[in-house]
**Student:** 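Mind looking over this structure? Questions follow.
Chain letters run A, B, ... following the sequence lines, proteins first and then strands; every chain starts at 1. Worth saying up front: this structure is predicted, and the values here are computed from it rather than measured. Computed from heavy atoms alone, side chains included, the values below leave out hydrogens, waters and symmetry copies.
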Number of protein chains: 2
Amino acid sequence: MEKEKRMTPAGEHVLRVASGMFYREGIRAVGVEAIAAEAGVTKKTLYDRFGSKEGLIVAYLRARDERWRAWMEESVGGEGRSAKERLLSTFDALEGWIQHENPRGCGFVNAAAENPDPSHPAHAMAVEQKKWLREYFTKLAEEAGSETPGDLAERLVILHEGATVAHSLEAATDTARKAKEIAAILVADLPE
Amino acid sequence: MEKEKRMTPAGEHVLRVASGMFYREGIRAVGVEAIAAEAGVTKKTLYDRFGSKEGLIVAYLRARDERWRAWMEESVGGEGRSAKERLLSTFDALEGWIQHENPRGCGFVNAAAENPDPSHPAHAMAVEQKKWLREYFTKLAEEAGSETPGDLAERLVILHEGATVAHSLEAATDTARKAKEIAAILVADLPE
DNA sequence: GAGTAACTATACCGGTATGTATACTAACAA
DNA sequence: TTGTTAGTATACATACCGGTATAGTTACTC
């Protein structure tokens, strides 16, 4: 569905620069001219690689999504710990992510806020990312022996998103830790 | 600090129209020209009333904030129910608000997402609104006899924000109810 | 009845947005 | 050697952005 353009060095560099600007300043607030200038590249190169600003936005969100999933899955780990521990460790993953890559809130929530139209790719990708998170939680909840894994997963999503937003708007401190403590109560009845 | 311009019929109408457009389509996505046209008013009228687009944005957020606080305080009510009940009823207020005025997520979170610069009025007002919510919860938590009202309030904020975001990105259903159930656990030890 | 506040109508301004066109260079591969 | 790919540099097209200027109208008030 998406033509996966082969990446060149200049293309990768543009994507890296644009990702930082999009996240820090907002997608609509940043123009292609500014991106090209910041990357030390001509607009032609940018358009040769990404086709349009929207193409660049999609590439930005896709790359961010991949990094997020990798971060989460690596933090959670596989064997060696119980499913219940893995469920709770998603909040440790979130804490690290917030500190290192997410001071300004969730990039997908922000992208969706800037593009309310559900048919817009940015909005659709945000929905997609949250769907992945919910299904990932559902899988972990099943493994942990929950009788209502879908329901538990939704509650964990609420805690995750709440921790992210509350942190970015300075409504609370140490939000990932607090969310984890609440989650611990929710999974207290699950077998170790 | 803010010159409170007297409102005229045309001014109020512009504000009402602009509020709907800002919320539905995004602040940056809507131009003053489109607002004036939609309101059936000339740009001169708009600028006479609000001075600038930013002035209109501030008026939009301020009005929304006032409606939100009124909605919350009225839903929670005063006497006749225990402080614990009032704490939990904030989630009923949220549920109604989401259904009637908030299908696209929190207007303040969205505004802050579009304006990452903390010195921007829209961002500052979003932070302010969340601060109010936290302090409101703190007050209710104190009245309910919590030994750590500030901490409890922050956890409730996380649940509120999470429910709002999760709903708007279709990551979960019935989010306010689920958040309320979680909150009920958090306040279970408080006296009736 | 003169002044003023709130409006309409319309034209205009400079800046900036996304996107395109043209011409040239360097590296590399058939 | 000839063509292709990935770049640079620069100019341009077109549209729209927030905001202003000028002129005229209606209605209420002192």
Side-chain angles (χ1 to χ4, degrees), chain A residues 2-61 111 114-117 119-123, chain B residues 2-61 111 114-117 119-123:
Chain A
E2 291 276 352
K3 47 190 71 175
E4 194 71 27
K5 292 214 172 87
R6 198 167 73 265
M7 267 300 143
T8 63
E12 298 213 29
H13 184 231
V14 167
L15 179 56
R16 209 174 321 121
V17 168
S19 295
M21 295 176 80
F22 280 153
Y23 180 72
R24 285 194 311 273
E25 302 171 41
I27 292 174
R28 289 192 117 102
V30 174
V32 292
E33 205 110 31
I35 293 170
E38 182 78 17
V41 139
T42 63
K43 276 203 288 181
K44 181 164 186 303
T45 299
L46 190 155
Y47 276 94
D48 281 349
R49 287 311 117 213
F50 300 98
S52 66
K53 184 183 181 180
E54 191 168 290
L56 182 53
I57 294 167
V58 168
Y60 151 60
L61 291 174
E114 292 196 72
N115 298 96
D117 182 0
S119 69
H120 191 287
H123 195 280
Chain B
E2 291 274 353
K3 47 189 70 174
E4 194 72 29
K5 292 212 172 87
R6 196 165 76 265
M7 267 300 143
T8 62
E12 297 212 28
H13 184 231
V14 167
L15 180 55
R16 209 175 321 124
V17 168
S19 295
M21 295 176 78
F22 281 153
Y23 181 71
R24 284 193 313 273
E25 302 172 41
I27 292 175
R28 289 192 117 101
V30 174
V32 292
E33 204 111 31
I35 294 170
E38 182 77 16
V41 139
T42 63
K43 276 204 287 181
K44 180 160 189 306
T45 300
L46 190 155
Y47 277 93
D48 281 348
R49 284 314 115 211
F50 300 97
S52 66
K53 185 183 181 181
E54 190 168 291
L56 183 53
I57 294 168
V58 168
Y60 151 61
L61 290 174
E114 291 197 72
N115 300 96
D117 182 0
S119 70
H120 191 288
H123 196 282

**Student:** Looking only at heavy atoms, which two atoms of B:Thr42 and B:Ala36 are closest? And how far apart?
**Tutor:**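 Looking at all heavy atoms of both residues, the shortest contact is C-CB, 4.2 Å.
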**Student:** Check the phosphate of D:dT8 against A:Thr42, side-chain N and O only, distance under 4.0 Å to OP1 or OP2. Yes or no?
**Tutor:**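 Yes.
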**Student:** Any idea which heavy atoms bring B:Glu114 and B:Arg28 closest together, and the distance?
**Tutor:**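 Shortest heavy-atom contact: O-NH1, 2.6 Å.
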**Student:** What is the distance, rounded to the nearest whole Å, between atom CD of B:Glu12 and atom C1' of C:dC7?
**Tutor:**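 Computing the B:Glu12:CD to C:dC7:C1' distance gives 15 Å.
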**Student:** Would you say CD of B:Glu38 has more than 12 non-hydrogen atoms from neighbouring residues, nucleotides or ligands within 6.0 angstrom?
**Tutor:** no
**Student:** Heavy atoms only: give me the nearest A:Gly11-A:Phe50 pair and the separation to one decimal.
**Tutor:** O-CZ, 3.5 Å
**Student:** If the sugar-phosphate is the primed atoms plus P, OP1 and OP2 and the base is the rest, what is the B/S/- string for nucleotides 20-30 of chain C, using protein heavy atoms under 4.0 Å?
**Tutor:** B-BB-------
**Student:** Going by heavy atoms closer than 4.0 Å, what residues in residues 15-37 of chain B are next to DNA chain D?
**Tutor:**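 The stretch gives B:Val30, B:Gly31, B:Val32 as the residues lying under 4.0 Å from the strand, ordered by number.
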**Student:** Considering non-hydrogen atoms only, spot the tightest contact between A:Asp117 and A:His123 and give its length.
**Tutor:** O-CB, 3.3 Å
**Student:** Take A:Glu54 and B:Thr45, find for each the nucleotide of DNA chain C with the closest heavy atom, and name the residue whose nucleotide sits nearer the 5' end.
**Tutor:**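 Its nucleotide being nearer the 5' end, the pick is B:Thr45.
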**Student:** Quick one: label B:Gly55 by what it contacts on the DNA or RNA (base, sugar-phosphate, nothing), any heavy atom closer than 4.0 Å.
**Tutor:** nothing
**Student:** What pairs of residues pass the side chain to side chain donor-acceptor pair (under 3.5 Å) test when at least one of them lies in residues 13-24 of chain A, not counting sequence neighbours?
**Tutor:**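 Counting only pairs at least two positions apart or across chains, the side chain to side chain donor-acceptor pair (under 3.5 Å) contacts touching residues 13-24 of chain A are A:Tyr23-A:Asn102.
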**Student:** Between B:Thr8 and C:dC7, is there a contact of a side-chain N or O with OP1 or OP2 at under 4.0 Å?
**Tutor:**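 Looking at the OP1 and OP2 atoms of C:dC7, one of them is under 4.0 Å from a side-chain N or O of B:Thr8.
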